[in-house]
Amino acid sequence: MIDTENLTRKFGDLTAVENLTLHVDDGEVFGFLGPNGAGKTTTVRMLCCLISKTSGVARVANYEVGNEADSLKIRKIIGLVPDNVGIYDNLTAYENLDFYGKLYKCTKSQRKENLKRFLVMLGLWEKKDVMAGTFSKGMKQKLAIARALIHDPEILFMDEPTANLDPESAKTVREFIVQLKREKKTIFLNTHNLDEAQRICDRIGILNTKLRAFGTPEELEQSVGPRKTTIQLEQINDAILNSLGKLSLGNISRDENKLTVELANPYKENPLVIRAIVEAGANVQTVSVSSSSLEDAYLRLARERE
Amino acid sequence: MNLQASWVIATKEFKIFRRKRTIIYGTILFPLLLAILFPLVIIYAGGKSTGGIPPAALPPLMNAFSFFFVIAAGILPNAIATYAIVGEKVEKSLEPLLATPTTEVEVLLGKGIAAFIPPMVATWVGASIYMVLMDRVTFSKLSYLYYPNWTIGIILLVLAPLAAILSIEISVLASSRVSDVRAANTIGGLMFIPFMIIYLASEIGVIDLNNSNLLIISGAFLIADVALSYFSVATFHREEILTKWK
């Protein structure tokens, strides 16, 4: 659905995005993580044909970014929720959406149907005739999402959709994204929120001018380093230690009756470890897994440039 | 070019302006004031004892008065055009608008239409009232109806629209450089100066606002309109707006 190859954008001497190569599948929710100034918004703007690329190739739904004729086609099939919502304060919620529906050449019945559908889904239907200028940040954000969906786009680009929202509004927006995911919408989500990315996204890219990492949340967690399984035993003896030694695991450390074992894949290896030590006569009291989190991965990878 | 998209944008702007009372009042009141003020000047100027303004002095004076409708058409679009662009800048609504399948020219044209129609309609309505009142107060002296005539025709149908377009283009250029409506209005308000220079030049006898001179001025405005349209389109470019406009 979205493909880039060595996509680069420079502003004078400053390189905002360098050699970005990624692929987003149809119906996938792709999370783009990175610190401020990492090039996330620039990437979205390039993919939405709002700004040009300096070099490289980008394709959105097989249309080429940078090609004048394809740019209009791309803008027809995408929806954008920008960083700044950009709602018209002097228009009502209904008028805001109806205006965009007309720009996307939706028929009157399409506009009416989608408008109601999204305003109801986002809990704004009762406020449809209220001036958007009186809306809270969260309500404006929801309205911006409805606006981006009014023409039923194939791909939705969202730039920090939950930033600056109160927890309740952020939750509503996240739930809405999950609902769109169920409807198999392709979503390109720029976010700072690691928890949000982990919960919603199928795959994640960590950007800091260059793409530092790319994969599922689990793959990124594992890329930071091994996870540790800590086993509290009633008593540790040589037989137990020997049984673990035979399993060729990572580092094993002992602290009184507590064993800490580094495992590449604890979900696969934990049962083997537990079985081995139980067979060696151990009485297991507790087992806990301390994993490297997505946050660890993000912090390490995002800091690489510095 | 998709004119329908431009019209959609223009109607959206109309909706917003209808809710901006200062803009509505400003647009309606100025031409209306001219329409009422100038006939009053004719009635009361010169004093009753001297018989008022001599009939021979009336036509050049009325031509000079008529030119104020060009000034109105040149000034009034400024407020709307600057609001239409700087307002979007302030509300940060240009990015989602530019992400739609519309071209920059369509967006610019839509905003131009929105800034052009209300002031021109107000100017034409004001000028119509002015002509009726002027004919009424000058008929006894001139013994004929001075309006309508070719001069006011050139002023209202050629010069005033060209002045309005010039004003809109200058407002677009001004709006790209500033981030608040008032500053853009101030810069756009500089449009007043060349019009006043022409008016004053006519008053001190440097130029006569006869039909041929009005057509020459129209030609100059046309050249300026065409030249500035290129700059306006170049300024109103997606990339420029998103990366350079402050």
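Residue numbers start from 1 in every chain, and the chains themselves are labelled A, B, ... in the order their sequence lines are given, proteins ahead of strands. Worth saying up front: this structure is predicted, and the values here are computed from it rather than measured.
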Colleague: Name the member of B:Val8, B:Asn2, B:Val90 that forms the most heavy-atom pairs with chain A at distances under 4.5 Å.
Modeller: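 The option with the most such pairs is B:Val8.
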Colleague: Give, for atom OG of A:Ser52 and atom NE2 of B:His237, the distance between the pair rounded to the nearest 0.5 Å.
Modeller: 8.0 Å
Colleague: How about CZ on B:Phe192, more than 12 heavy atoms from neighbouring residues, nucleotides or ligands closer than 6.0 Å, or not?
Modeller: no
Colleague: Select one option (side chain, backbone, both, neither) describing which atoms of A:Ile87 are under 4.5 Å from chain B's heavy atoms.
Modeller: backbone
Colleague: Within the supplied structure, the quantity of interest is the number of heavy atoms (other residues, nucleotides, ligands) at a distance under 6.0 Å from B:Phe231 CZ; does it exceed 12?
Modeller: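 Open.
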Colleague: Looking at A:Lys127, I want to see if its NZ is surrounded by more than 12 non-hydrogen atoms of other residues, nucleotides or ligands under 6.0 Å.
Modeller: no
Colleague: Which atoms form the tightest heavy-atom contact between B:Pro101 and A:Tyr104, and what is the distance?
Modeller: CD-CE2, 3.2 Å
Colleague: Can you name the closest pair of heavy atoms from B:Pro96 and A:Pro82 and give their distance?
Modeller: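 Scanning both residues completely, I find the closest heavy atoms to be CD-CG, 3.9 Å.
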Colleague: Work out which heavy atom in A:Tyr100 is nearest to a heavy atom in B:Ser93; give both atom names and the distance.
Modeller: OH-O, 3.9 Å
Colleague: How far does CG of B:Leu98 sit from CG of A:Leu80, to the nearest 0.5 angstrom?
Modeller: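 If we round to the nearest 0.5 Å, B:Leu98:CG and A:Leu80:CG are 10.5 Å apart.
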Colleague: Counting only heavy atoms closer than 4.5 Å, note whether A:Val85 contacts chain B via side chain, backbone, both or neither.
Modeller: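 The backbone, not the side chain.
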Colleague: Indicate the atoms forming the closest heavy-atom contact of A:Leu103 with B:Ala5, along with that distance.
Modeller: CD2-O, 4.0 Å
Colleague: Taking side chain as everything from C-beta outward and backbone as N, CA, C, O, which of these in B:Leu94 sits under 4.5 Å from a heavy atom of chain A? Side chain, backbone, both or neither.
Modeller: neither
Colleague: Nearest 0.5 Å please: distance from the CG atom of A:Leu91 over to the CD1 atom of B:Ile16.
Modeller: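 Going from the CG atom of A:Leu91 to the CD1 atom of B:Ile16 covers 4.5 Å.
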Colleague: Rounded to the nearest 0.5 Å, what's the gap from OG1 on B:Thr102 to CG on A:Leu72? Could you check?
Modeller: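 Interatomic distance, B:Thr102 OG1 to A:Leu72 CG, rounded to 0.5 Å: 8.0 Å.
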Colleague: Would you call B:Glu95 and A:Arg45 a salt bridge, taking side-chain N to carboxylate O under 4.0 Å as the test?
Modeller: yes
Colleague: More than 12 heavy atoms of other residues, nucleotides or ligands under 6.0 Å from CD of A:Glu68: yes or no?
Modeller: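 For A:Glu68, atom CD is not crowded (no more than 12 foreign heavy atoms under 6.0 Å).
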Colleague: State which residue, out of B:Lys12, B:Arg18, B:Arg19, fulfils the salt bridge (Lys or Arg N to Asp or Glu O under 4.0 Å) condition with A:Glu95.
Modeller: B:Arg19
Colleague: Non-hydrogen atoms of chain A under 4.5 Å away: do they reach the side chain of B:Glu88, the backbone, both or neither?
Modeller: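 Just its side chain gets close to chain A.
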Colleague: Return the OH to CG distance between A:Tyr88 and B:Leu97, rounded to the nearest 0.5 Å.
Modeller: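 CG of B:Leu97 is found 4.5 Å from OH of A:Tyr88.
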Colleague: Check whether A:Lys105 gets within reach of chain B through its side chain, its backbone, both or neither, counting any heavy atom under 4.5 Å.
Modeller: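 Contact with chain B involves the side chain of A:Lys105 alone.
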Colleague: If you count every heavy atom of other residues, nucleotides or ligands that lies below 6.0 Å from A:Asp129 atom CG, does the total exceed 12?
Modeller: yes
Colleague: How long is the gap from OG1 on B:Thr100 to NZ on A:Lys102, to the nearest 0.5 Å?
Modeller: 14.0 Å
Colleague: Between B:Glu91 (side chain) and A:Asp89 (backbone), is there a donor-acceptor pair under 3.5 Å?
Modeller: yes
Colleague: Out of B:Glu106, B:Glu240, B:Lys20, B:Lys92, return the one with the most heavy atom pairs under 4.5 angstrom to chain A.
Modeller: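 The candidate making the most pairs under 4.5 Å is B:Lys92.
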Colleague: What's the verdict on side chain to side chain contact (heavy atoms under 4.5 Å, CB included) for B:Ile9 and A:Phe99, showing C-alpha distance, side-chain angles and the deciding distance?
Modeller: CA-CA 8 Å; B:Ile9 291 166; A:Phe99 167 62; 4.0 Å; yes
